[in-house]
There are 2 protein chains.
Amino acid sequence: MTTVVPEVVLAELTDALPPRRVLTDPDTVRSYLHDEAEWAPYGDAIAVVRPESTAEVAAVVGVCARYRVPIVPRGAGTGLSGGANAVAGCVVLSTERMTEIREINAAERLAVVQPGVVNDVLRAAAAEQGLWYPPDPASAPWSTIGGNVATNAGGLCCVKYGVTRDYVLALEIVTAAGEVLRIGRRTAKGVAGYDLVGLMVGSEGTLGIITEVTVKLRPLRTTQPRTVVGFFATLAAAGDAVSRVTAAGLQPAAFELIDRFCLQAVNAWKHAGLPDESAALLLAQTDLPEPAAAQEADAILAEFTAAGATEAMQSTDPVEAEALFDARRLAYPALEQLGQAMLTEDVCLPRQRLAEMIERIVAIGQQRDVQIATVAHAGDGNLHPLLLTPHGDDDARRRAQAAFDDIVSAAIELGGTVTGEHGVGLLKMPGMARELGEGVLAMQRAVKQALDPHNILNPGKVVA
Amino acid sequence: MTTVVPEVVLAELTDALPPRRVLTDPDTVRSYLHDEAEWAPYGDAIAVVRPESTAEVAAVVGVCARYRVPIVPRGAGTGLSGGANAVAGCVVLSTERMTEIREINAAERLAVVQPGVVNDVLRAAAAEQGLWYPPDPASAPWSTIGGNVATNAGGLCCVKYGVTRDYVLALEIVTAAGEVLRIGRRTAKGVAGYDLVGLMVGSEGTLGIITEVTVKLRPLRTTQPRTVVGFFATLAAAGDAVSRVTAAGLQPAAFELIDRFCLQAVNAWKHAGLPDESAALLLAQTDLPEPAAAQEADAILAEFTAAGATEAMQSTDPVEAEALFDARRLAYPALEQLGQAMLTEDVCLPRQRLAEMIERIVAIGQQRDVQIATVAHAGDGNLHPLLLTPHGDDDARRRAQAAFDDIVSAAIELGGTVTGEHGVGLLKMPGMARELGEGVLAMQRAVKQALDPHNILNPGKVVA
């Protein structure tokens, strides 16, 4: 790649595309060089391209393939693992202008969209036709369906309704060779060949560029959810409550944990007046039809109490319940208001090990002298410890990175995974290698090599 | 492979394994040479091996890899596409003795089993702990979890609860090189690397040999299901009713179609006294908690009536309802009692095209002069036209094969897939090639080549 003259590539890209697709202004390009992962490295790009159609994406890949120039695809850049970070000499391909909703079909319960459609925009469009797109990452107001598919994004609903992979029926992709292919199907079921769609979901742009997404939809929920709130004196007690709810066969439609630090940050930012005295708050929501919802809410409440909740109640006020879930969604930006750098963890544990893992995280924070705030998709065992450090404090930063590694090690030791929903990107590559082991890594690399033999698609990410 | 001396391979296999694992008696071997796909070709095997452990499977693959001898893995042999059929000079690897249930874990809602565990056996074991394994192919009393995973088996429940792929969390596999690998996870979520588990599910033994399966379980259902029965004067009217129920946002937990011919066959065999005057019967079941179930049943009934049902009713008698679902499950063996050869179709259509596809099938049967009985997982758009021909009637057989091809063509033309749940095996290879097109086939082959470079795992199946 060292022999490529960027000017030649730029000229070819400009020739191959309609006007105003290729951006080279340094300030503009700079704003596309990385996602929201703190401290993940990134290089400089020779250009940012913003195609509007599949044919334009294919044209970009065609040029880049010819010159073996790396392509880094990117949605809204809300990733937290560095998956969308530029690599030196690359072309950043932003899907932000591919925002067409092509079909919402109630009879087939599916939607067809370009990859740049924002998650919440799709959800709203589906709702207009009585349909529901469940995957709801906290980034839903900004993140795109293409990015969600590339990272197999999760969210609050997945504890009952599954992650992005569970909703992707078909994809149109541009391969590493610049070929446009349609994989998957529009039917409810299908087993014609290997599951290439499932392979593409979560591959973080390393196996192909997604140019159209067909997702399954559900009928819109019509029930009024019931929310159960529990306050716990320790994070570990809250973890125990989660294990108990699962073991009791209960199926909340959202099941979240917020620690005191996050609640305080939301209160400080939004003057929300949330109860922030307890170490941790659990929020469980049931969406069964009544009276089953009331029974499930009672059963959840009983498990909270059995796990030693200092207080537990059903929230009968929907406004109050929504305020609590908003606090969960706002935890990340609220912590950002503190003006500190934030390293986001994403370990996912077997639910029985949740309390133990939380205790380990607390201990790691003390030992490494790092402030750790925690939110969690508790029902999934998916923890997001947020490691905070003052900007410019190099020593604090080193301590936070050490704590990050300790948390990864603990998760692996307890039978968990290093990333539940954020993706591998750059930050989780070492952890993934330890989690999977050499044999499975070799299998991953064989797949990458088969589908991107010249390693031009987001090189150096996921499998390197 | 032509230079391999079978005796050398047999000697090595016998050396590598404990006693009584290698079977070579011709009569015994013959009983392992094919699955239940009528008219799919099969070759002779040099031996059948019945390993009992992962290490034994790895030993078999090691020997076969060294001599480049094809390995055809096999569960119970209930497949309907020829996927388990022997290829000339192969070793058939039967998992029938790998029947250990290793773990059923209520707190994690998962089970870990060897591949030879029978589907219904797992379901019963899970139920003992208040848990439910949903995928329920009609072969559930005989077929194995390993075979279900290899084919991504469906069943009656998948209309609401998903197919086998939706339940597989982790696999232990033996690779084409004889290496034992663990892929996937025990956590609710995880995105560490490409979805190799999803890739393996439905790969019909062509990418690796499954030696252990970890499946997700659900809490056991405690509701008493309600059944709605509708009788229709034409198959197409029944197809229309299915589209209406879906478009109305209803979510039956089973939604099946049985035509008159199947009902008559079950009556003739079991003296079941089922109502067999109408062209088609639709059976829908709701498992919501009451009173939501009653409301959903009423809504389904209203759609049946709107679609022109000659009669529609809620079955208030659980015994009667169960008898109707038994008729659905017994359709296949009941037709076998007629003493005819039966070619089983498995096309899956967009639900809006169901009525049209059913009309096409009726027309194809008339045009080709072939008796076609039809059962369907109607709610999924998954049709199983069963093509019946007298044994030994070569002309009838040719007509049936032509009708089979016509049905495949019609399904592709209407935007469907050639196989909804039975798999590609041998019978659907031509259809799959037409459905996917050359570009996607090449992508499939690249994956196969990457993971089985010497083409020893079930060669000639799925992607050839």
Side-chain angles (χ1 to χ4, degrees), chain A residues 106-109 130 151-152 154 158 163 179 181 183 185-196 198-199 201-203 219 243 246-247 249 251 288-289 292 348-352 380-382 415-421 423-424 432 435-436 439-440 443-444 446-447 449-451 462-463, chain B residues 106-109 130 151-152 154 158 163 179 181 183 185-196 198-199 201-203 219 243 246-247 249 251 288-289 292 348-352 380-382 415-421 423-424 432 435-436 439-440 443-444 446-447 449-451 462-463:
Chain A
E108 301 295 347
R109 286 189 194 154
T151 55
N152 189 20
C158 36
V163 294
E179 191 181 4
L181 295 181
I183 55 178
R185 52 179 211 277
R186 283 172 64 97
T187 53
K189 297 193 300 193
V191 290
Y194 305 137
D195 182 15
L196 298 177
L199 187 62
V201 177
S203 66
S243 303
T246 307
Q251 298 184 287
L288 291 176
C348 191
L349 278 292
R351 283 169 282 221
Q352 283 174 293
D380 286 322
N382 188 194
T417 177
V418 301
T419 176
E421 60 180 13
V424 175
M432 181 182 91
E435 178 183 334
L436 301 187
V440 177
M443 197 169 162
Q444 303 265 359
V447 171
Q449 167 72 20
L451 301 184
V462 188
V463 291
Chain B
E108 302 294 346
R109 287 189 195 154
T151 55
N152 189 21
C158 36
V163 295
E179 191 181 4
L181 294 181
I183 56 178
R185 55 181 209 277
R186 282 172 66 97
T187 53
K189 296 194 299 193
V191 290
Y194 305 137
D195 182 15
L196 299 177
L199 187 62
V201 177
S203 66
S243 303
T246 306
Q251 297 183 288
L288 292 176
C348 190
L349 278 291
R351 283 169 282 221
Q352 282 174 291
D380 287 321
N382 189 194
T417 177
V418 301
T419 176
E421 60 180 12
V424 175
M432 181 182 90
E435 178 183 334
L436 301 186
V440 177
M443 195 169 162
Q444 303 264 0
V447 170
Q449 167 71 20
L451 301 184
V462 188
V463 291

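Each chain gets a letter, A, B and so on, in the order its sequence line appears, and its residues count up from 1.
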With heavy-atom distances below 4.5 Å as the criterion, would you say the side chains of Met443(A) and Leu181(B) are in contact? yes

Given heavy-atom pairs under 4.5 angstrom as the criterion, report whether the side chain, backbone, both or neither of Glu179(A) touches chain B. side chain

Report the option among Gly439(A), Gly381(A), Ala192(A) that has the most heavy-atom pairs separated by less than 4.5 Å from atoms of chain B. Ala192(A)

Is it the side chain or the backbone of Glu108(B) that comes within 4.5 Å of chain A heavy atoms, both, or neither? both

Between Asn382(A) and chain B, which part of the residue has a heavy atom less than 4.5 Å away: side chain, backbone, both or neither? side chain

Result for side-chain contact (heavy atoms from CB on, under 4.5 Å) between Met432(A) and one of Thr419(A), Val440(A), Val424(A) points to Val424(A)

Which of Pro350(A), Ala292(A), Ala247(A), Pro289(A) touches chain B most, by non-hydrogen pairs under 4.5 Å: Pro350(A)

Non-hydrogen side-chain atoms of Val163(A) and Asn152(A) separated by less than 4.5 Å: yes

Between Gln444(A) and chain B, with a heavy-atom cut-off of 4.5 Å, which part of the residue counts as in contact: side chain, backbone, both or neither? both

With a 4.5 angstrom heavy-atom cut-off, could you sort out which part of Leu451(A) is near chain B: side chain, backbone, both or neither? side chain

Hey, is the main chain of Cys348(A) close enough, under 3.5 Å, to the side chain of Thr417(A) for a donor-acceptor pair? no

Of the backbone (N, CA, C, O) and the side chain (C-beta and beyond), which part of Leu196(B) lies under 4.5 Å from a heavy atom of chain A, both, or neither? side chain

Quick one: of Ser243(B), Gly249(B), Gly198(B), who has the most non-hydrogen atom pairs under 4.5 Å with chain A? Gly249(B)

